[in-house]
There are 2 protein chains.
Amino acid sequence: MRDAVALDRLEVWKQKGQDLSKCPVRHVLDHVAAKWTTLILMELSKGPARFNAIGRALPDISKRMLTQSLRDLERDGLIAREVFPTKPPSVEYRLTEMGLSLLGPLGALIDWAELHASPIAEARRAYAAG
Amino acid sequence: MRDAVALDRLEVWKQKGQDLSKCPVRHVLDHVAAKWTTLILMELSKGPARFNAIGRALPDISKRMLTQSLRDLERDGLIAREVFPTKPPSVEYRLTEMGLSLLGPLGALIDWAELHASPIAEARRAYAAG
DNA sequence: CGGAATCCCAGCCGATACTG
DNA sequence: CAGTATCGGCTGGGATTCCG
């Protein structure tokens, strides 16, 4: 059929009888999944930005979710948070090297999605119709 | 900083003031997000399989979620469902060409996750430590 | 400015039981 | 074999309010 070498990594984990929720691969997938983290990584790919700047760039995000998403990404070492003791204090977020390296694979996925957007929409219509 | 050509596709959508939930890119991301669809695509990358065969390969999935996940993938044209009028009836699922083409980008993401699994785990420990 | 705390609901998802 | 039906818990995430 096709060599699915990469996919077998998940397979191996599954066959070890491990808890799927602790699989490290799932963890990354969950970031991609999370409603906002992809957008945030995208925004930061343009350069470091401050809390409210990111918020303004993503109009529909609440402060609550922005905070939480930033924490999640920081926790996993994908972005770094730096506080400047100005008055009032400002906080800057930027991609780490690891976060930067994620943009490649993530971009590939987004490219695929863009390329297949209309076939998918078509498939949905066809499915709904019959 | 870095060319983020791919990522700008999402950006464009956002700036059009569109509802993010209807962005076609999000549809794909949601599949990746969903707890089981990635595993199912993985399993089917090895070749066509029947309902219960997939279920046995993914021991922790319930029939309910298996059905639902298969429907989701079928709805978007990533897998195809074929019923054989045997006795008792059997149903076979296989990747479509579009589904097959998703394995590449998805595999790249999984490779990245596998490669950075331990740095991420390390970052989490460091973060938890304070 | 950059958050934290609280309330609350929609939906995801698991368990269980039933069907053609 | 390949589903469908129903119930219910858990949590993601929106709205709002308060704080250093």
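Chain letters run A, B, ... following the sequence lines, proteins first and then strands; every chain starts at 1.
Every residue two or more places apart in sequence or in another chain was checked for a side-chain contact (heavy atoms from CB on, under 4.5 Å) with B/Ser118, and none qualifies. For B/Gln68, there are no side-chain hydrogen bond (donor to acceptor under 3.5 Å, both in side chains) partners at least two apart in sequence or on another chain. Among residues two or more places apart in sequence or in another chain, the side-chain contact (heavy atoms from CB on, under 4.5 Å) test is passed with B/Ala49 by B/Leu44, B/Ala53, B/Ile54. The side-chain contact (heavy atoms from CB on, under 4.5 Å) test applied to B/Ala33 returns A/Ala33, not counting sequence neighbours. B/Glu92 pairs by the side-chain hydrogen bond (donor to acceptor under 3.5 Å, both in side chains) definition with nothing, not counting sequence neighbours. With sequence neighbours excluded, no residue forms a side-chain hydrogen bond (donor to acceptor under 3.5 Å, both in side chains) with A/Glu97. Checked against side-chain hydrogen bond (donor to acceptor under 3.5 Å, both in side chains), A/Glu74 has no partners two or more places apart in sequence or in another chain. By the side-chain contact (heavy atoms from CB on, under 4.5 Å) test, A/Arg124 pairs with A/Ile120, B/His27, B/Arg75, B/Asp76, sequence neighbours left out.
Annotation: the terminal axes of the helix from C/dC1-D/dG20 to C/dG20-D/dC1 meet at 50°, where each axis is the rotation carrying the C1' atoms of four end pairs onto the next four (5 pairs per end, rounded to 10°).
Counting all heavy atoms, side chain and backbone alike, A/Arg71 lies closest to B/Tyr127 at CD-OH, 3.3 Å.
In this structure, B/Phe84 reaches neither bases nor backbone, as no heavy-atom distance under 4.0 Å exists between it and the strands shown.
Position along DNA chain D of the nearest nucleotide to A/Ala33 versus B/Ser90 favours B/Ser90 as the more 5'-ward residue. DNA chain D is contacted by both A/Ser62 and B/Lys63; B/Lys63 maps to the nucleotide lying nearer its 5′ end (nearest heavy atom per residue).
Contacts between residues 64-79 of chain B and DNA chain C, counted as heavy-atom distances below 4.0 Å, involve B/Arg64, B/Met65.
Where DNA chain D meets chain B (any atom under 4.0 Å from a heavy atom), the bounding nucleotides read 5' to 3' are D/dC1 to D/dT6. Once you apply a 4.0 Å limit to the heavy atoms of chain A, the touched nucleotides of DNA chain C run 5' to 3' over C/dC1 to C/dT6.
A/Thr38 is listed as a side-chain neighbour of A/Ile110, based on a closest heavy-atom distance under 4.5 Å. With a 4.5 Å cut-off on side-chain heavy atoms, B/Leu41 and B/Ile79 count as touching. Taking 4.5 Å as the limit, every side-chain heavy atom of B/Leu70 sits out of range of all side-chain heavy atoms of B/Arg81.
Transitive grouping of hydrophobic side chains (ILVMFWY, heavy atoms separated by less than 4.5 Å) brings B/Val83 and B/Phe51 into a common cluster.
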